[in-house]
Participant: 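Let me begin by handing over the structure; questions about it come next.
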Amino acid sequence: MAHDLRNLDAAYVDFWRERHICTLTTTRPDGSPHLVPVGVTFDHEAGIARVITNKNSRKVGNILAAGPDGARVAVCQIGERKWATLEGRAVVRTEADAIADAVNRYAERYGRMPSPNPDRVLVEITVTKALGLVGPGGA
């Protein structure tokens, strides 16, 4: 079920605030999918999803390999009978202030501050599509 990004309902936004492990799907240079568990934060007002990770990770390599315009990706989460997917274009950011903001957002959503990591980068996803079933009864 598609959702209007300009007018997301409260249940959808709230679901992205709950503590869930998510997945990030990128595409390897050979075209095959690469799917890994991650923590995701979603700023619905800005239309941005964020994933903090290590600069040497395969997901970062896949995004960088797509070129300067970024890579098409999807993040997804499930819980009980609910699910939500955000699709968009991801870029890798290395600016300290952007990473610090993403770390703080992660700590707020997941209830813990991640360990310091000098190799941390930010995967920033400009969301172009929101899908899911999160209302009463879920799927």
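Side chains are part of it too, since the values below use all heavy atoms of this structure and drop only hydrogens, waters and symmetry mates.
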Participant: Can you list the residues that meet the side-chain contact (heavy atoms from CB on, under 4.5 Å) rule with Ser115, with sequence neighbours excluded?
Facilitator: none
Participant: Could you work out, with salt bridge (Lys or Arg N to Asp or Glu O under 4.0 Å) as the rule, every residue matching Asp4, not counting sequence neighbours?
Facilitator: Arg6
Participant: If you round to the nearest 0.5 Å, how far is OG of Ser57 from NE2 of His34?
Facilitator: 8.0 Å
Participant: Between His3 (side chain) and Gly132 (backbone), is there a donor-acceptor pair under 3.5 Å?
Facilitator: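 Yes; judged by distance alone, with no hydrogens or angles, the pair exists.
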Participant: Are Trp16 and Leu122 connected into the same hydrophobic cluster when the rule is that any two of I, L, V, M, F, W, Y join if their side-chain heavy atoms are below 4.5 Å apart?
Facilitator: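 Leu122 and Trp16: separate clusters.
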Participant: Evaluate the criterion side chain to side chain contact (heavy atoms under 4.5 Å, CB included) for residue pair Asn104 and Met113; output intermediate values, then yes/no.
Facilitator: CA-CA 7 Å; Asn104 290 332; Met113 186 62 72; 3.7 Å; yes
Participant: For residues 96-117, which residue pairs pass the ring-ring contact (aromatic ring centres under 6.0 Å, His included) check, not counting sequence neighbours?
Facilitator: Tyr106-Tyr110
Participant: Hey, could you give me each pair passing salt bridge (charged side-chain N to carboxylate O under 4.0 Å, His left out) that has a residue in residues 107-120? Not counting sequence neighbours.
Facilitator: Lys55-Asp119
Participant: If the condition is side chain to side chain donor-acceptor pair (under 3.5 Å), which residues does Glu124 pass it with, not counting sequence neighbours?
Facilitator: Arg93
Participant: If every non-hydrogen atom of Val121 is compared with every non-hydrogen atom of Ile99, which pair is closest and at what distance?
Facilitator: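 Nearest heavy atoms, Val121 then Ile99: CA-CD1, 3.9 Å.
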Participant: When you look at CD of Glu80, are more than 12 heavy atoms from neighbouring residues, nucleotides or ligands closer to it than 6.0 Å?
Facilitator: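 Not more than 12 within 6.0 Å, no.
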Participant: Which pairs count as salt bridge (charged side-chain N to carboxylate O under 4.0 Å, His left out) when at least one residue sits in residues 8-18, sequence neighbours excluded?
Facilitator: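 Found Asp14-Arg17.
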Participant: If you group Ile, Leu, Val, Met, Phe, Trp and Tyr by side-chain heavy-atom gaps below 4.5 Å, do Val127 and Leu24 land in one group?
Facilitator: yes
Participant: Could you pull out the closest heavy-atom pair between Leu8 and Ala130, with the gap in Å?
Facilitator: CD2-CB, 4.1 Å
Participant: Below 3.5 Å, can you tabulate the donor-acceptor pairs from side chains in residues 35-52 to any protein atom, sequence neighbours excluded?
Facilitator:
| unit_1 | atom_1 | unit_2 | atom_2 | d |
| --- | --- | --- | --- | --- |
| Asp43 | OD1 | Glu45 | N | 3.2 |
| Asp43 | OD1 | Ala46 | N | 3.2 |

Participant: Backbone N or O of Phe15 within a donor-acceptor pair of the Gln77 side chain at under 3.5 Å?
Facilitator: yes
Participant: Looking only at non-hydrogen atoms, find the nearest pair between Leu86 and Tyr12 and report the distance.
Facilitator: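 Nearest pair, atom of Leu86 first, then Tyr12: CD2-OH, 3.5 Å.
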Participant: I'd like to check the side chain to side chain donor-acceptor pair (under 3.5 Å) partners of Asp30; sequence neighbours left out, ordered by chain and number.
Facilitator: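 Result, side chain to side chain donor-acceptor pair (under 3.5 Å) vs Asp30: Ser32.
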Participant: For Ala90 versus Val123, what's the shortest heavy-atom pair and its separation?
Facilitator: CB-CG1, 3.9 Å
Participant: Around atom CZ of Arg28, are there more than 12 heavy atoms from other residues, nucleotides or ligands closer than 6.0 Å?
Facilitator: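 Counting neighbours around CZ of Arg28, more than 12 heavy atoms of other residues, nucleotides or ligands fall under 6.0 Å, so yes.
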Participant: Side chains of Glu87 and Leu131: does their closest heavy-atom pair fall under 4.5 Å?
Facilitator: yes
Participant: List the atom pairs, with distances to 0.1 Å, where a side-chain N or O of residues 59-75 and a protein N or O form a donor-acceptor pair under 3.5 Å, not counting sequence neighbours.
Facilitator:
| unit_1 | atom_1 | unit_2 | atom_2 | d |
| --- | --- | --- | --- | --- |
| Lys59 | NZ | Thr53 | OG1 | 3.2 |
| Asn62 | OD1 | Arg58 | NE | 3.1 |
| Asn62 | OD1 | Arg58 | NH2 | 3.4 |
| Asn62 | ND2 | Thr26 | OG1 | 2.8 |
| Asn62 | ND2 | Arg58 | O | 3.4 |
| Arg72 | NH1 | Thr128 | OG1 | 3.4 |

